[in-house]
Amino acid sequence: MRASVVVIVCVLGVSLCNEHPDFDGSQIHSKIHADDEDDSHLQLPEEEQHKWHSLSSEERAQAMDKFFKSIDANDDGAISREEVKQAIEAKMLREEREYALQDFNDEVADEESGQLPLEKVMQGMMEADEEEHQNEQHLASERRRLEAADLDQDGFLSVHEYPAYYSPFHHPHMHAYLADVSMADFDSDHNGILTKVEFQVLGIKETPHENNELFEKFDTDNDGALTKEEFVKFIVQEMEGASDEEVSEIFNAVDTNKDASLSREEMDQNVDRFLKSGLEDSLIQHTEL
C-alpha cells in the first residue's frame with residue numbers, strides 16, 4: 001500500500017516508503033499523479049460515521065471540544081490554516097510510526113535479539129525480486145539506506161532505528177541518502193544539480209509556469225538550479241508534508257464564513273463536512289471519553 005502525495009496521504013498517513021519499499025527517484029513522478037481523480041479515500045467508513053452520530057449531544061460536544069483544543073495550538077479560540085497543516089502532519093507522523101512499529105515487529109518475530117539484521121533485509125530483497133535486485137547499483141543504494149538508518153553501526157536495526165529506514169523523509173540523518181537517490185533519475189547530465197528544464201520533467205503542477213514557481217520557491221540562493229539539499233527540502237515539504245491543496249480542501253470545507261479561521265461554532269455546524277476532511281479519525285478518537 002503506497003499513497004500518493006495528494007489528500008490520500010493525510011487520510012491514510014502512510015509513507016511513500018512503507019512496507020519496506022525500495023525507494024528511487026522515479027517513484028516521485030508516479031506517486032504525484034496517482035489517484036488524482038479518485039476521491040473515495042475522503043469517505044469515512046460507515047461504521048465510524050455511525051459511531052459519531054450515535055453519541056448524545058453532550059458526548060459530541062465534549063469530543064468536539066477536546067478535538068478543537070488539540071488543534072488550536074496557540075489557544076486563541078480559532079484555528080488557522082497553519083494549525084490545520086500542523087495537525088495533519090502530526091497525525092501523519094504518528095501513523096507512520098505506528099506502521100513502522102507493526103512492520104518492525106513482523107520482521108523481528110523470529111529474531112532472539114529483538115533487532116533486525118541488515119543482512120537479513122538485504123537477503124530478503126534479493127529473494128523477493130531476483131531480477132530487479134541483482135542490479136548492483138540498486139543493491140548498493142539499499143545498503144546505504146540501511147547503513148544510514150543504523151545509527152550505532154552495529155549491523156542491526158533496533159526498534160528506534162527502524163522508522164528512519166521505513167520512511168527516511170522525517171529523519172534528517174537520512175537526507176543525504178534521500179538526496180542522492182531522489183536526484184538520480186532527474187539529473188540528466190549527472191552534475192549534481194537540477195535545472196528548471198530537468199525539474200519540469202517531474203510534471204508536479206499542471207502548467208510550466210506553475211512548475212517554475214515551485215522551482216523558484218526551493219531555489220533559495222536564486223542561482224537557477226536546485227542543489228541536493230534544496231531538492232531534499234522540496235521532497236520533504238511538498239511530498240511528505242501537508243500540501244497547500246490538502247490544507248485548503250479541509251479548511252475550506254469548514255470555513256463557511258470565509259474569514260480565514262475556523263471557529264468552534266463552524267466546527268459544530270459543519271461536522272458532517274469535517275467527517276470527510278482528512279482528520280476525521282482524529283475527531284472520532286476524541287469520542288472515547
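Numbers here simply count residues along the sequence, with the first being 1.
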**Request:** Check Met174 against Arg145 and note the closest heavy-atom contact, atom names and distance.
**Result:** CE-O, 3.5 Å

**Message:** For a quick test of reading the model, state the closest non-hydrogen atom pair linking Asn270 to Val254 and the distance between them.
**Reply:**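 Closest approach of Asn270 to Val254, heavy atoms only: ND2-O, 3.6 Å.
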
**Prompt:** If you measure only the distance, is there a donor-acceptor pair under 3.5 Å linking the side chains of Gln62 and Glu58?
**Reply:**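 Looking only at side-chain atoms, Glu58 and Gln62 do form a donor-acceptor pair, the distance falling under 3.5 Å.
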
**Asked** Any side-chain donor-acceptor pair under 3.5 Å between Glu216 and Asn222?
**Response** no

Can we say [X] and [Y] salt-bridge, meaning some charged N sits less than 4.0 Å from an Asp/Glu carboxylate O?
{"X": "Lys217", "Y": "Glu230", "result": "no"}
{"X": "Glu147", "Y": "Arg144", "result": "no"}
{"X": "Glu111", "Y": "Lys120", "result": "yes"}

**Message:** For Phe234, run the ring-ring contact (aromatic ring centres under 6.0 Å, His included) check against Phe169, Phe199, Phe186 and tell me which one passes.
**Reply:** Phe199

**Evaluation steps, side chain to side chain contact (heavy atoms under 4.5 Å, CB included), between Gln115 and Asp154** = CA-CA 10 Å; Gln115 299 189 91; Asp154 65 350; 3.9 Å; yes

Please examine the side chains of [Y] and [X], heavy atoms only from C-beta on, and report whether any two atoms are closer than 4.5 Å.
{"X": "Lys233", "Y": "His175", "answer": "no"}
{"X": "Glu95", "Y": "Lys91", "answer": "yes"}
{"X": "Leu93", "Y": "Arg97", "answer": "yes"}
{"X": "Tyr165", "Y": "Val121", "answer": "yes"}
{"X": "Leu157", "Y": "Leu118", "answer": "yes"}
{"X": "Asn212", "Y": "Gln200", "answer": "yes"}
{"X": "Ser80", "Y": "Phe251", "answer": "no"}
{"X": "Glu161", "Y": "Asp152", "answer": "yes"}

How long is the span from the [atom1] atom in [X] to the [atom2] atom in [Y], to the nearest 0.5 Å?
{"X": "Asp150", "Y": "His173", "atom1": "CG", "atom2": "NE2", "answer": "9.5 Å"}
{"X": "Met183", "Y": "Leu226", "atom1": "CE", "atom2": "CG", "answer": "7.0 Å"}
{"X": "Ser54", "Y": "Arg60", "atom1": "OG", "atom2": "CZ", "answer": "8.0 Å"}
{"X": "Asp72", "Y": "Lys69", "atom1": "CG", "atom2": "NZ", "answer": "9.5 Å"}
{"X": "Arg81", "Y": "Ser248", "atom1": "CZ", "atom2": "OG", "answer": "4.0 Å"}
{"X": "Glu83", "Y": "Asp75", "atom1": "CD", "atom2": "CG", "answer": "9.5 Å"}

**Prompt:** Between Tyr162 and Tyr166, what is the ring plane arrangement, given parallel below 30°, perpendicular above 60°, and tilted in between?
**Reply:**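 Tilted.
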
**Prompt:** Are Leu139 and Leu116 joined in one hydrophobic group, where the rule is that I, L, V, M, F, W and Y side chains link up if heavy atoms are under 4.5 Å apart?
**Reply:**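 The answer is yes; both residues are in one hydrophobic cluster.
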
**Prompt:** In terms of heavy-atom contacts, does CD of Gln153 have more than 12 from other residues, nucleotides or ligands at under 6.0 Å?
**Reply:**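 Enclosed.
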
